[in-house]
Amino acid sequence: MSDTAGERYVPINKGNYSMDTPERERLFERHRGEGWEEEYAKYRADWAELPRRQQVRDYPLLVDLELSSVCNLHCPMCYTITDKFKKHVNTTRMEWDLYTRIIDEIGGHVPAIRLSLRGEALLHKRFADCIRYAKSHGIREVSTLTHGGKLTHDFFKEIVEAGIDWITISADGVGETYERIRKPIKFGELMEKIRAMDSYKKQHGLRRPVIKVQGIWPAIRENPQEYYDTFSPYVDLVAFNPLIDYLGNDTQIEYLESFTCPQQYQRLVIGADGLVMKCSNDEENREVIGDAKVETVHQIWHGDKMNAVRDLQKRDRGFMESAVCRRCYLPRKTADETSEVGGRTFAVKNYVFRIQEIGK
């Protein structure tokens, strides 16, 4: 759907876009669903259809489990290094007992979990155990987002054997551009790790974990072909994100005329300290809807606070009543910029009035 389509715009997967070929995109999806094809097809269909029908499943389709709200990088556009974030968020790692209790409940009910949110998930000392425990309890897809700094050969081997299904690596640009942003990781070291992961998969005939590389558009814009050519031989998919207002600096925002958020029908987001946010874009815990330390996932998902979020989104421009929603990128209007890779033209949906400069 376009930003102007229909009476009620429900964006699905807005904010992350492939710059890859249709053939590689199809292969990426096929490998994600390999071994649970029928369930996977329903999971992906429900991801789009439940929000459009405003239908609440018994359990969410995805549970985000923030294993760590701590990060060891100092990226200029990242909110986790700001005093404001540290004031509002308990920077910690999820306790094992809390993690296992959540998995014990949702196993067999929730198709997928994402072991990351705001910090660097791989800093959790029992990261591999978290994967292993989830897979042994019926979670079909375990994914994570990482800066890749910890993905050594031995660590990658360990998490592959544990059953990781999908790894997304944030790589903003190449060479010196990357190193200016992703301090203190060196680009050559990252590429060594990515090539080694590809080699390991090929040596062992593995199609999973699927590996995706993505970067923020301003770090790619000057030479998207170079970005694609650098990563595509070694990963399954190459993607990008238009720059959002990570630091909350925007004062002029243009919104969609009629917007409804999909997330309250798709996912539940649990922070490292057990506090449950209403969505994955509440970076500072400003609208907490539950506490997984004292409530079950089912209770929170069907609780009064989550239902109030759904009711707000059903009202005409109800999203404007929430400070979190007003700052979110999902209800923002976009303006297309076009770019080209390998003769393929694709649209970059930049947010209107969003300065395309990293750190601003």
Side-chain angles (χ1 to χ4, degrees), residues 10-16 43 46-47 50-51 56-71 78-80 85 88-95 98-99 101-103 105-107 109-121 124 130 134 139 141-146 166 168 170 241 244 246 260-310 312-313 319 322-325 327-331:
V10 184
I12 306 299
N13 302 330
K14 181 178 180 179
N16 185 258
Y43 164 52
D46 284 347
W47 187 261
L50 293 181
V56 182
R57 197 173 178 268
D58 191 37
Y59 275 87
L61 292 163
L62 170 74
V63 173
D64 297 80
L65 291 164
E66 182 183 55
L67 296 187
S68 170
S69 55
V70 180
C71 188
C78 185
Y79 50 80
T80 64
F85 177 82
H88 289 282
V89 176
N90 180 20
T91 49
T92 187
R93 294 167 179 83
M94 184 172 283
E95 294 178 0
L98 173 60
Y99 178 83
R101 186 165 63 78
I102 293 169
I103 297 298
E105 179 193 355
I106 68 175
H109 300 292
V110 173
I113 62 171
R114 187 175 188 250
L115 299 180
S116 51
L117 188 65
R118 296 168 294 195
E120 172 52 45
H124 195 285
C130 289
I139 303 296
E141 180 176 85
V142 179
S143 65
T144 195
L145 171 67
T146 175
W166 176 10
T168 296
S170 291
N241 306 303
I244 67 174
Y246 290 102
T260 296
C261 182
Q263 290 207 16
Q264 66 271 18
Y265 301 101
Q266 295 169 325
R267 65 205 295 184
L268 194 71
V269 181
I270 304 176
D273 57 0
L275 294 181
V276 182
M277 290 144 274
K278 74 167 185 176
C279 70
S280 64
N281 296 325
D282 183 7
E283 294 95 354
E284 296 171 5
N285 288 9
R286 290 188 293 172
E287 294 187 28
V288 173
I289 62 163
D291 187 344
K293 295 191 298 295
V294 296
E295 300 171 271
T296 66
V297 167
H298 192 271
Q299 287 170 338
I300 298 167
W301 184 243
H302 294 279
D304 291 343
K305 290 183 177 179
M306 187 53 136
N307 284 330
V309 172
R310 296 182 180 113
L312 177 144
Q313 290 291 336
F319 70 90
S322 163
V324 171
C325 296
R327 207 183 91 177
C328 181
Y329 64 91
L330 289 175

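All values below come from the heavy atoms of this structure, side chains included, with hydrogens, waters and symmetry mates left out. Being a predicted model, the structure only gives us computed values, none of them experimental.
Residues Q266 and I12 meet the side-chain proximity criterion, which asks for heavy atoms closer than 4.5 Å. Taking 4.5 Å as the limit, every side-chain heavy atom of V276 sits out of range of all side-chain heavy atoms of M306. By the 4.5 Å heavy-atom criterion applied to side chains, I113 and I103 are counted as neighbours. With a 4.5 Å cut-off on side-chain heavy atoms, I102 and V297 count as touching. The closest side-chain heavy-atom distance from S170 to L145 is below 4.5 Å. Contact check for L268 versus I289: side-chain heavy atoms found under the 4.5 Å cut-off. At a threshold of 4.5 Å between non-hydrogen side-chain atoms, the residues V324 and M277 do not count as touching.
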ask   = Going through the distances and angles, do S69 and L117 end up as a side-chain contact (heavy atoms from CB on, under 4.5 Å)?
value = CA-CA 7 Å; S69 55; L117 188 65; over 6 Å; no

inquiry  = As a quick check of understanding, evaluate side-chain contact (heavy atoms from CB on, under 4.5 Å) for K278 and S322, giving each step before the final call.
reply    = CA-CA 11 Å; K278 74 167 185 176; S322 163; 2.9 Å; yes

task = Determine, stepwise, if the pair L98 / K293 fulfils side-chain contact (heavy atoms from CB on, under 4.5 Å).
result = CA-CA 7 Å; L98 173 60; K293 295 191 298 295; 4.2 Å; yes

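Judged as a ring pair (Phe, Tyr, Trp, His ring centres under 6.0 Å), and not counting sequence neighbours, the contacts of H302 are H298. Here V288 pairs with L275, N285 under the side-chain contact (heavy atoms from CB on, under 4.5 Å) rule; sequence neighbours left out. With sequence neighbours excluded, the residues forming a side chain to side chain donor-acceptor pair (under 3.5 Å) with T146 are E120, listed by chain and number. Not counting sequence neighbours, the partners of W166 by the ring pair (Phe, Tyr, Trp, His ring centres under 6.0 Å) test are F28. In this structure T260 satisfies the side chain to side chain donor-acceptor pair (under 3.5 Å) test together with R8, sequence neighbours excluded. Under the side-chain contact (heavy atoms from CB on, under 4.5 Å) criterion, F319 pairs with Y255, F259, Q313, R317, C325, P331, sequence neighbours left out.
Closest non-hydrogen pair, Q263 versus N281, comes out as NE2-ND2, 3.6 Å. Closest of all the heavy-atom pairs between A134 and Y99 is CB-OH, 3.6 Å. Scanning all heavy atoms of the two residues, the minimum distance from V10 to P262 falls at CG1-CB, 3.8 Å. Residue T144 comes nearest to A121 through the heavy atom pair OG1-CB, 3.6 Å, listed as atom of the first residue, atom of the second, then distance. Summarising the geometry of L61 relative to V110, their closest heavy-atom pair is O-CG1, 3.6 Å, with the distance given to 0.1 Å. The two residues Y265 and W301 make their nearest non-hydrogen contact at C-CH2, 3.8 Å.
Taking a 6.0 Å sphere around CG of D58, one finds it holds more than 12 heavy atoms contributed by other residues, nucleotides or ligands. In E95, the CD atom is not crowded: 12 or fewer heavy atoms of neighbouring residues, nucleotides or ligands sit closer than 6.0 Å.
Atom CZ of R114 and atom CG of L62 lie 8.0 Å apart (nearest 0.5 Å). Within the model, atoms CZ of R286 and CZ of R327 stand 4.5 Å from one another, a figure rounded to the nearest 0.5 Å. Between L67 atom CG and I270 atom CD1 the span is 11.0 Å, to the nearest 0.5 Å. Separating the CG atom in N241 from the OH atom in Y329 is a distance of 8.0 Å, to the nearest 0.5 Å. Atom OH of Y43 and atom CD of E141 lie 5.0 Å apart (nearest 0.5 Å). Taking CG of L115 as the reference point, atom CD of E66 lies at 11.5 Å (rounded to 0.5 Å).
Figure legend: cation-pi geometry between R57 and W47 absent, as NZ or CZ is not positioned both under 6.0 Å from the six-membered ring centre and within 45° of its axis.
The pair R118-E283 does not meet the salt-bridge criterion, since no charged nitrogen lies less than 4.0 angstrom from a carboxylate oxygen. Looking at K305 and E295, no side-chain N of the basic residue comes within less than 4.0 Å of a carboxylate O on the acidic one, giving no salt bridge.
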